[in-house]
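Order of the sequence lines sets the chain letters (A, B, ...), proteins ahead of strands, with each chain counted from 1. From a predicted model like this one, the values you see are computed outputs, not experimental measurements.
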Number of protein chains: 2
Amino acid sequence: MNRAINHTHDPNLRSWVESANQKGTDFPIQNLPFGVFCHREQTKTPHIGVAIGDQILDLFTCCQLGLFEELPEPLTAACRESSLNQLMALGSWATEILRDRLSLLLRLNGSQSLPEANILVPMAEAELLLPANIGDYTDFYASIFHATNVGKLFRPDNPLLLNYKYVPVGYHGRASSIILSDTSINRPQGQQKTAQESVPTFAPSQLLDYEMEVGFFVGSGNELGQSIAIDKAEEHIFGLCLVNDWSARDIQAWEYQPLGPFLGKSFATTISPWVVTFEALAPFRCPAFARPEADPAPLNYLYSPVNAQLGGINLTVEVMLSSAQMREQKIPPVRLSQASFKQMYWTIAQMLTHHTSNGCNLRSGDLLASGTVSGAESGSQGSLLEITRRGSQPIKLPTDEMRSFLEDGDQVIMRGYCEQEGCARVGFGECRGKVVG
Amino acid sequence: MNRAINHTHDPNLRSWVESANQKGTDFPIQNLPFGVFCHREQTKTPHIGVAIGDQILDLFTCCQLGLFEELPEPLTAACRESSLNQLMALGSWATEILRDRLSLLLRLNGSQSLPEANILVPMAEAELLLPANIGDYTDFYASIFHATNVGKLFRPDNPLLLNYKYVPVGYHGRASSIILSDTSINRPQGQQKTAQESVPTFAPSQLLDYEMEVGFFVGSGNELGQSIAIDKAEEHIFGLCLVNDWSARDIQAWEYQPLGPFLGKSFATTISPWVVTFEALAPFRCPAFARPEADPAPLNYLYSPVNAQLGGINLTVEVMLSSAQMREQKIPPVRLSQASFKQMYWTIAQMLTHHTSNGCNLRSGDLLASGTVSGAESGSQGSLLEITRRGSQPIKLPTDEMRSFLEDGDQVIMRGYCEQEGCARVGFGECRGKVVG
């Protein structure tokens with residue numbers, strides 16, 4: 001199920017795009033994530049692009065110049081689209097072939113002579129757009145540490161519900177309000193009721209929070225009534241992005257029984273613009289989370305040896321915060337947390353297989369998200385709800401401002417990257433959003 | 001907010017389409033619901049159509065013949081589309097103008113001379129399709145009788161949660177698995193655990209159920225961050241249909257805590273093909289449900305005098321069941337329940353306004369559903385869960401077969417209609433689905 005490591009991952013590869021060779025870049029030639037952009041100054045037509053250093057390779061222009069001529073026709077047709085859906089629909093064989101071709105094209109001393117026309121657009125001149133038309137959005141709850149942290153706040157003696165270790169718990173989220181990094185977040189209004197109040201009020205949320213999540217886009221889908229076996233699951237995933245599942249804790253707490261989160265979440269969900277393919281992540285695959293001995297094994301439909309051995313991803317995620325006052329005083333963003341995606345109780349393949357186990361159809365471009373990525377240790381919790389113990393232990397910013405939850409002007413910046421010995425760094429870029437009142 | 005009653009509602013109107021004048025038809029000239037179809041024999045291109053008696057008026061052909069020449073250009077363009085989304089997006093002014101034109105065109109002794117080309121397609125020769133591309137699907141829980149009936153089964157001493165009378169409780173459903181009437185339902189598999197079992201099993205659902213609901217399609221939408229005031233809400237609704245929210249009670253019971261229903265619902269949701277416009281329903285508007293004195297008033301953002309006086313709809317809904325054995329023995333479907341939509345605790349306008357109250361954007365073609373329509377009396381419960389008290393009181397079919405939940409071969413048929421003194425009957429047609437193993 002996992003994609004093989006090949007020449008495109010060679011850490012010694014260099015690109016003729018100089019900025020792609022700089023230490024610390026998120027987008028070296030080993031990454032090649034896909035996105036959709038338009039050129040601010042020139043045409044406003046969205047094109048598919050690939051991030052390389054501080055540049056974007058314009059796939060539409062590549063097609064026009066005949067640089068993809070040897071590729072199968074459905075693949076070049078998909079590269080001319082204004083969203084990634086068609087490319088996603090082709091499945092993992094297509095991403096693999098295309099990635100090979102792009103790697104060769106961008107390689108220093110590649111066999112290819114460079115075209116005269118400019119196939120690169122500086123990121124600084126591009127407006128990034130949502131990478132796909134997202135039909136349905138599903139959010140999971142796959143970190144046992146997050147589930148336990150949150151559970152402790154509400155049920156100190158019984159933090160984890162009985163189904164957690166059997167079911168990759170998830171719920172349907174709102175697709176229409178998924179927005180791209182750098183779109184401002186309006187503080188939502190909603191019904192809320194504290195334990196002290198006898199009736200609810202309708203007011204702006206006072207307990208606005210973020211959740212650091214990892215998202216994954218469906219590549220080729222499945223028909224209604226068909227399920228996807230665990231060992232086939234990753235073939236149906238195109239790639240990953242970062243997700244900020246903004247949450248209004250006061251609205252959520254009052255509304256969520258018995259049918260789950262609704263308006264406490266649906267006002268906005270932010271995603272990062274670049275979709276890192278499963279192909280690029282091949283060197284960073286690792287065993288699935290090691291369940292404690294006392295825990296039950298996954299049910300058969302959620303178990304395979306390959307998933308157990310390679311279902312995890314050694315991906316580090318971080319959350320940074322910058323208040324308006326910090327920006328005024330030129331104080332850089334402060335890091336609130338750092339965690340690893342390999343600590344998730346459920347793998348991506350398990351989430352996808354579970355989702356289709358009742359015959360539910362997934363469509364190309366659908367987005368699934370992991371739920372908050374939190375670790376066991378202090379400093380690894382992916383939401384303010386956890387960090388501040390529901391506001392009871394506020395944190396102090398470098399400006400001496402205190403934070404229980406987000407204030408107007410606060411900017412949340414999420415980062416993700418894979419780094420390990422003997423591999424080129426593969427980064428996700430940033431997922432940013434600023435709260436406005 | 002409510003649409004006015006005008007000449008198109010005149011109960012004395014007759015059509016030159018004879019079948020539209022027959023007593024008991026769902027589709028007299030006073031109704032004119034919209035759908036999408038293609039001709040089985042001829043072109044496979046989907047056209048927008050309007051149901052009239054046992055015929056479909058083909059709006060594409062009407063455009064081709066110049067019958068809509070005096071209509072505004074955006075409206076005729078929308079009538080040439082292969083889904084209702086563009087027509088929905090234009091808003092209620094457009095539906096009103098178009099409905100006027102259609103009424104005149106189909107009227108016996110109307111001012112119009114009939115075109116020679118055939119603008120009618122017999123329903124028997126048409127394949128009906130989903131009326132819109134549904135971006136997001138939201139399911140509410142707006143019947144206090146349903147919420148209480150279900151609550152009693154789980155919490156006998158505290159059936160109704162504290163938030164119910166304040167919050168029009170809802171959750172996001174799955175858009176991809178919304179299917180049209182007459183599509184078969186595959187019995188879903190999933191995790192389930194009875195109280196007696198210590199660990200869950202993965203198996204076909206044994207507690208498969210239907211839920212009788214009313215759906216409503218969003219017409220013109222709203223921008224992210226903007227909410228829709230209660231008195232403007234109905235202007236953003238295009239029309240209504242019937243919804244069968246199939247539910248696997250065993251899967252649902254095990255998975256739903258703490259994030260709500262997921263795989264217990266997402267395997268299929270069936271809708272009826274004809275969208276009955278709010279314009280057609282104008283004569284059947286009635287006061288919103290009269291809350292008992294002890295109940296709190298709706299919060300300000302959910303209250304308006306007009307909604308209180310006219311927010312309800314005098315719409316009767318029925319559920320019929322036909323088992324394989326009944327069909328073999330030529331026994332007609334048996335009625336399981338009948339209820340009125342005017343008994344809903346929350347109005348359609350309240351649900352829509354609540355949905356946008358946090359700034360969540362609705363898009364044209366989005367589907368919202370009411371939740372199960374149940375009344376207070378025996379015989380008015382819209383699900384088997386309620387009728388059989390979670391299977392503990394099975395019902396007997398005319399064949400002496402017993403039913404706790406649905407068996408393979410069972411066909412569920414839902415109907416809806418508005419009937420009252422001095423008005424022509426406005427029907428919804430049927431929403432049908434058969435369970436296959």
Side-chain angles (χ1 to χ4, degrees), chain A residues 135-139 141 151 154 161-163 166-167 169-177 179 183 186 188-191 193 199-202 205 221 224-225 227 248 251 254-264 266-268 296 299-302 354-355 357-363 366, chain B residues 135-139 141 151 154 161-163 166-167 169-177 179 183 186 188-191 193 199-202 205 221 224-225 227 248 251 254-264 266-268 296 299-302 354-355 357-363 366:
Chain A
D136 277 291
Y137 163 50
T138 304
D139 198 16
Y141 195 53
F154 294 90
L161 295 173
L162 190 59
N163 59 6
Y166 295 97
V167 180
V169 170
Y171 68 102
H172 301 295
R174 181 83 193 170
S176 72
S177 54
I179 53 181
T183 313
N186 294 292
Q189 299 198 88
Q191 284 194 38
K193 190 183 93 56
V199 294
T201 55
F202 182 80
S205 169
L224 185 65
S227 53
I251 299 174
W254 172 236
E255 76 174 355
Y256 92 103
Q257 294 222 32
L259 300 181
F262 182 47
L263 301 189
S266 64
F267 57 95
L299 295 191
N300 280 341
Y301 78 105
L302 294 176
H354 180 65
H355 203 324
S357 65
N358 68 341
C360 178
N361 55 328
L362 305 179
R363 296 177 292 190
D366 283 354
Chain B
D136 277 290
Y137 162 49
T138 304
D139 198 16
Y141 195 54
F154 294 90
L161 295 173
L162 190 58
N163 59 6
Y166 295 97
V167 181
V169 170
Y171 68 103
H172 302 295
R174 181 83 193 171
S176 72
S177 53
I179 53 182
T183 312
N186 294 292
Q189 299 199 88
Q191 285 193 37
K193 190 181 92 58
V199 295
T201 55
F202 182 80
S205 169
L224 185 64
S227 54
I251 299 174
W254 172 236
E255 76 175 354
Y256 91 103
Q257 293 223 28
L259 301 181
F262 182 46
L263 301 188
S266 64
F267 57 94
L299 295 192
N300 280 341
Y301 78 105
L302 295 175
H354 180 65
H355 203 323
S357 64
N358 69 341
C360 179
N361 54 329
L362 304 179
R363 296 177 292 191
D366 284 354

Q: Do you know which two heavy atoms are closest between Leu263(B) and Ser357(A), and how far apart they sit?
A: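 For Leu263(B) versus Ser357(A), the nearest heavy atoms are CD1-OG, 3.6 Å.
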Q: Begin with the C-alpha distance, continue with both residues' side-chain angles, and end with the deciding distance and a verdict on side-chain contact (heavy atoms from CB on, under 4.5 Å) for His355(A) and Arg174(B).
A: CA-CA 11 Å; His355(A) 203 324; Arg174(B) 181 83 193 171; 3.5 Å; yes
Q: Less than 6.0 angstrom separating the ring centers of His172(A) and Phe262(B), yes or no?
A: yes
Q: Which residue out of Leu302(A), Ile251(A), Leu224(A) racks up the most heavy-atom pairs below 4.5 Å with chain B?
A: Leu224(A)
Q: Using heavy-atom distances under 4.5 Å, tell me whether Leu362(B) contacts chain A through its side chain, its backbone, both, or neither.
A: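 For Leu362(B), heavy atoms of backbone and side chain both lie under 4.5 Å from chain A.
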Q: Going through the distances and angles, do Gln191(A) and Leu299(B) end up as a side-chain contact (heavy atoms from CB on, under 4.5 Å)?
A: CA-CA 9 Å; Gln191(A) 284 194 38; Leu299(B) 295 192; 3.7 Å; yes
Q: Given the options Pro188(A), Gly264(A), Gly221(A), Gly170(A), which has more heavy-atom pairs under 4.5 Å with chain B than any of the others?
A: Gly170(A)
Q: Relative to chain A, which of Ala268(B), Gly190(B), Pro200(B) shows the most heavy atom pairs under 4.5 Å?
A: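 When all of Ala268(B), Gly190(B), Pro200(B) are compared, Pro200(B) has the most.
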Q: Relative to chain B, which of Gly151(A), Ser227(A), Pro296(A), Gly173(A) shows the most heavy atom pairs under 4.5 Å?
A: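 That would be Gly173(A).
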Q: Can you tell which of Ile179(B), Val199(B), Thr183(B) has the highest number of heavy-atom pairs within less than 4.5 Å of chain A?
A: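 Option with the top pair count is Val199(B).
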Q: Among the options Tyr137(B), Tyr256(B), Phe267(B), pick out the one with the most heavy-atom pairs lying under 4.5 Å from chain A.
A: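 Top option by heavy-atom pairs under 4.5 Å: Phe267(B).
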Q: What part of Asn186(B) is in contact with chain A, defined as an atom under 4.5 angstrom from a non-hydrogen atom: side chain, backbone, both or neither?
A: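 For Asn186(B), side-chain heavy atoms alone lie under 4.5 Å from chain A.
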Q: At a heavy-atom separation under 4.5 Å, does Asn300(B) approach chain A through its side chain, its backbone, both, or neither?
A: neither
Q: Check whether Leu162(A) gets within reach of chain B through its side chain, its backbone, both or neither, counting any heavy atom under 4.5 Å.
A: both
Q: Considering only heavy atoms, which portion of Tyr301(A) lies under 4.5 Å from any heavy atom of chain B: side chain, backbone, both, or neither?
A: side chain
Q: Would you check if there is a donor-acceptor pair between the side chains of Ser266(A) and Asn358(B) at a distance under 3.5 Å?
A: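 A pair is found: one side chain offers a donor N or O, the other an acceptor, under 3.5 Å apart.
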Q: Under 4.5 Å from any heavy atom of chain A, what part of Thr138(B) do you find: side chain, backbone, both or neither?
A: side chain
Q: Shorter than 4.5 Å, heavy atoms on both sides: which option in Gly135(A), Ala175(A), Gly359(A) has the most such pairs with chain B?
A: Ala175(A)
Q: So which heavy atom on Asp136(B) is nearest to which on Ser176(A), and how close?
A: OD2-N, 2.9 Å
Q: Hey, does Tyr141(A) have a side-chain heavy atom less than 4.5 Å from the side chain of Pro258(B)?
A: yes
Q: Of the backbone (N, CA, C, O) and the side chain (C-beta and beyond), which part of Leu259(B) lies under 4.5 Å from a heavy atom of chain A, both, or neither?
A: both
Q: Pick whichever of Lys193(B), Arg363(B), Glu255(B) has the most heavy-atom pairs under 4.5 Å with chain A.
A: Arg363(B)
Q: Using 30° and 60° as the class limits, which term best fits the ring planes of Tyr166(B) and Trp254(A): parallel, tilted or perpendicular?
A: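 Rings of Tyr166(B) and Trp254(A): tilted, 30 to 60°.
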